[in-house]
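Numbering of ligands and ligand atoms starts at 1, following listing order. Since the model is a prediction, treat every value here as computed from it, not as a measurement.
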Amino acid sequence: MHFNLFLHDTGHHEASWRLPGAHLHADMDVGYHEQLTRAAEAAKFDSVFLADSPQLWGHPGTRPSGKLEPLTLLTVLARVTQRIGLIATASTSYNDPYNLARRFASLDHVSGGRAGWNIVTTAGDDAARNFGLDTQPAHAQRYQRAAEFLEVSGKLWDSWEDGAVIADPESGVHADIGRIHTIDHAGRFFKVRGPLNVPRSPQGHPVLVQAGSSADGKDFAAHYAEAVFTAQQTLAEGQAFYADLKRRAALAGRDPDGVKILPGIVPVLGSTEAEAVALEAELDRLVLAEEARDRLARQLRVDPSQLALDAQLPDGLATEDEIEGAKSRYTLIVELARREHLTVRQLIGRLGGGRGHRTFTGTPEQVADTIEHWGAHGAADGFNVMPAVLPSGFELFAEHVVPLLQRRGLFRNEYEGTTLREHYGLPRPASRYAAAREPARQLA
Ligand SMILES: Cc1cc2nc3c(=O)[nH]c(=O)nc-3n(C[C@H](O)[C@H](O)[C@H](O)COP(=O)(O)O)c2cc1C
């Protein structure tokens, strides 16, 4: 199985920073991120991952909300590790392909082939308002732009073939310009000539990760993603998502095994079940219920007065079709509440741990059993590990869950490769221009 550690300051539970001993400035502490990443590498994790959005995200009044820019932070982390993959989130709605393709190719060089890009379309009007817009572009349009963004990025990464750099001082030939290509892209959203100003990187291009689960999101993943982060609450939902995405990948002409599906799991660990349950109760006690209710109301697009803390969700909520932001997360929340007949207060507790990702409270054996069960029953190729409390939740996972999985033959004892692509068992892509070789127009 494959494991990614989702780095998130003091932990994924929104109240984790209020626990005794929490590192109150973890969000801005580079050394803290270095320690956690080294620990994930010692545990032989495939990768670490940073979420991101170009806006002040979260709730700065009541939770640490600072966000170091992911590619900058991962560049530092690349220099203090040797093997672990480094995945940064970046938006296709609020970037341009040339700049971003260049940054990811650079991280791939700096890290010796360990870069991954979590491709997101960025939901919500707040980010749009930082880029000259009043509202976000429509959901479908964001995904159309994302598809063209990936097409352009792919061409740019391919614009230098392997072997283009010759560096022969004797003959004076530094590069074979027959292997460097303009891309001459002209589409609906972008017009880009190329080539990139970074030679082909160790992995050919970074591992492409995707994290949206609407129908458009799944189609996008089926065409481009090599790994998918997803939030799934039940085994049945996880199995349905897994089968659907693998089917869509096959329909898109790809090997379904070339898309690794990694649901999120929020472990709340204790050495006994009672200890884990007590930690969960303590975390839930520290959640600010009214504020969480107001936030839920914004997500559900209702007035907070419609959400009584000790009643179930009201009828007449919007359908997924009416949501222009994060469609699949909206549906997940409403279905979770309805399926389990949760009151608003209970729903807030369930979302407090991992914002809709599956929380699992128990002993290391129980967590290992669940992971094994999901893997054996067609719901996961691995997991996006999101400890409720960091660093302690990760330390427990590394010390107690990982060895159990290793003993069961489900997880590596040692890295076999050096690149993220090799950890995931993904092929290294060839440049599309290698077959039809034409010299770059402006260079010839
Ligand atoms: C594990 C995980 C991590 C995500 N990280 C980010 C992120 O860092 N930034 C972001 O804008 N969206 C992030 N998303 C949200 C998705 O990219 C997407 O915007 C959202 O799920 C809505 O997509 P959909 O409308 O296709 O469902 C994440 C989703 C998941 C499951």
Side-chain angles (χ1 to χ4, degrees), residues 2-9 12 47-58 65 67-71 73-74 87-95 116-128 130-131 136-147 149-150 208-225 227-233 237-238 241-242 244-245 248 260-266 299 318-335 351 353-359 380 382-387:
H2 302 284
F3 286 109
N4 170 72
L5 173 61
F6 187 161
L7 298 170
H8 195 65
D9 53 73
H12 285 268
S47 48
V48 293
F49 157 63
L50 293 167
D52 198 50
S53 190
Q55 69 192 86
L56 178 56
W57 213 14
S65 296
K67 281 246 164 272
L68 291 168
E69 191 284 310
L71 283 150
L73 179 54
L74 292 182
I87 303 175
T89 299
S91 172
T92 53
S93 299
Y94 306 112
N95 279 296
W117 173 15
N118 178 41
I119 307 154
V120 298
T121 55
T122 308
D125 294 333
D126 287 350
N130 293 332
F131 295 87
Q136 64 187 331
H139 190 268
Q141 188 185 322
R142 295 204 307 276
Y143 273 109
Q144 286 153 11
R145 180 182 160 107
F149 202 114
L150 263 288
L208 303 176
V209 185
Q210 190 271 356
S213 301
S214 62
D216 282 345
K218 282 189 280 197
D219 273 336
F220 177 83
H223 280 92
Y224 299 102
V228 172
F229 294 148
T230 179
Q232 301 295 332
Q233 281 285 331
E237 284 169 353
F241 178 82
Y242 187 97
D244 186 23
L245 199 57
R248 286 176 198 247
K260 307 295 178 192
I261 298 181
L262 310 174
I265 185 167
V266 184
Q299 263 180 307
T319 62
E320 182 172 309
D321 284 347
E322 293 166 312
I323 298 294
E324 283 301 332
K327 284 182 186 280
S328 55
R329 191 62 59 90
Y330 173 84
T331 301
L332 180 149
I333 292 171
V334 175
E335 282 182 357
L351 298 176
R355 305 175 300 282
H357 287 270
R358 184 160 180 268
T359 303
F383 282 88
N384 188 15
V385 179
M386 307 170 53

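Using a 4.0 angstrom heavy-atom cutoff, Tyr143 counts as in contact with ligand 1. Residue contact annotation: Tyr94 has no non-hydrogen atom under 4.0 Å from ligand 1. Residue contacts with ligand 1 include Gly325, since one of its heavy atoms falls under 4.0 Å from the ligand.
Between Pro54 and Tyr94 the shortest heavy-atom distance is CG-CD1, 4.0 Å. In terms of heavy atoms, Ile333 sits closest to Gln299 at CD1-NE2, 3.5 Å. Shown here for Glu320 and Lys327, the closest heavy-atom pair between the two residues is O-NZ, 3.3 Å.
Less than 4.0 angstrom separates some heavy atom of Ser213 from each of these atoms of ligand 1: 24 (P), 26 (O), 27 (O). Close approach of ligand 1 to Asn384 (heavy-atom distance below 4.0 Å) involves ligand atoms 1 (C). Close contacts between ligand 1 and Thr122 involve ligand atoms 11 (O) [criterion: under 4.0 Å to a heavy atom]. Atoms of ligand 1 lying under 4.0 Å from any heavy atom of Thr89, numbered from 1 in the order shown and given with element: 7 (C), 8 (O), 9 (N).
Counting heavy atoms from C-beta outward, Val228 and Phe241 have side chains that approach closer than 4.5 Å. Between Glu335 and Gln233 the shortest side-chain heavy-atom distance does not fall below 4.5 Å. A heavy-atom distance below 4.5 Å is found between the side chains of Asp219 and Arg248.
Put simply, CG on Leu5 and CZ on Phe49 are 10.5 Å apart, with the number rounded to the nearest 0.5 Å. The NE2 atom of His12 sits 7.0 Å away from the CG atom of Asn384 when rounded to the nearest 0.5 Å.
Annotation: atom 16 (C) of ligand 1 to nearest protein heavy atom, Ala211 O, 2.8 Å. Among protein heavy atoms, atom 25 (O) of ligand 1 sits closest to His139 NE2, 2.6 Å. Annotation: atom 26 (O) of ligand 1 to nearest protein heavy atom, Ser214 OG, 2.6 Å. With respect to atom 31 (C) of ligand 1, the closest heavy atom belonging to the protein is Arg329 NH2, 3.4 Å. At the top of the distance list for atom 13 (C) of ligand 1, counting protein heavy atoms only, stands Val120 CG1, 3.7 Å. Looking at atom 7 (C) of ligand 1, its nearest protein heavy atom turns out to be Asp52 O, 3.5 Å. In this structure, atom 5 (N) of ligand 1 lies nearest to the protein heavy atom Asn118 ND2, 3.7 Å. Taking atom 20 (C) of ligand 1 as the reference point, the nearest protein heavy-atom neighbour is Ala326 CB, 3.9 Å.
Distances between N or O atoms of Lys327 and those of ligand 1 include at least one value under 3.5 Å.
Both the backbone and the side chain of Ser328 come within 4.0 Å of ligand 1, judged by heavy-atom distances. Residue Asp216 does not touch ligand 1, judged by heavy-atom distances below 4.0 Å. When non-hydrogen atoms are compared, ligand 1 lies under 4.0 Å from neither the backbone nor the side chain of Gln210. For Phe220, no heavy-atom contact with ligand 1 is shorter than 4.0 Å.
By the side-chain hydrogen bond (donor to acceptor under 3.5 Å, both in side chains) test, Arg145 is found to be paired with no residue, residues two or more places apart in sequence or in another chain being considered.
Between the side chain of Gln232 and the backbone N or O of Arg358 there is no donor-acceptor pair closer than 3.5 Å.
Taking the ring centroids of Phe6 and Phe229, they lie at or beyond the 6.0 Å cut-off.
One side chain, Thr89 or Asn118, offers a donor N or O that lies under 3.5 Å from an acceptor on the other.
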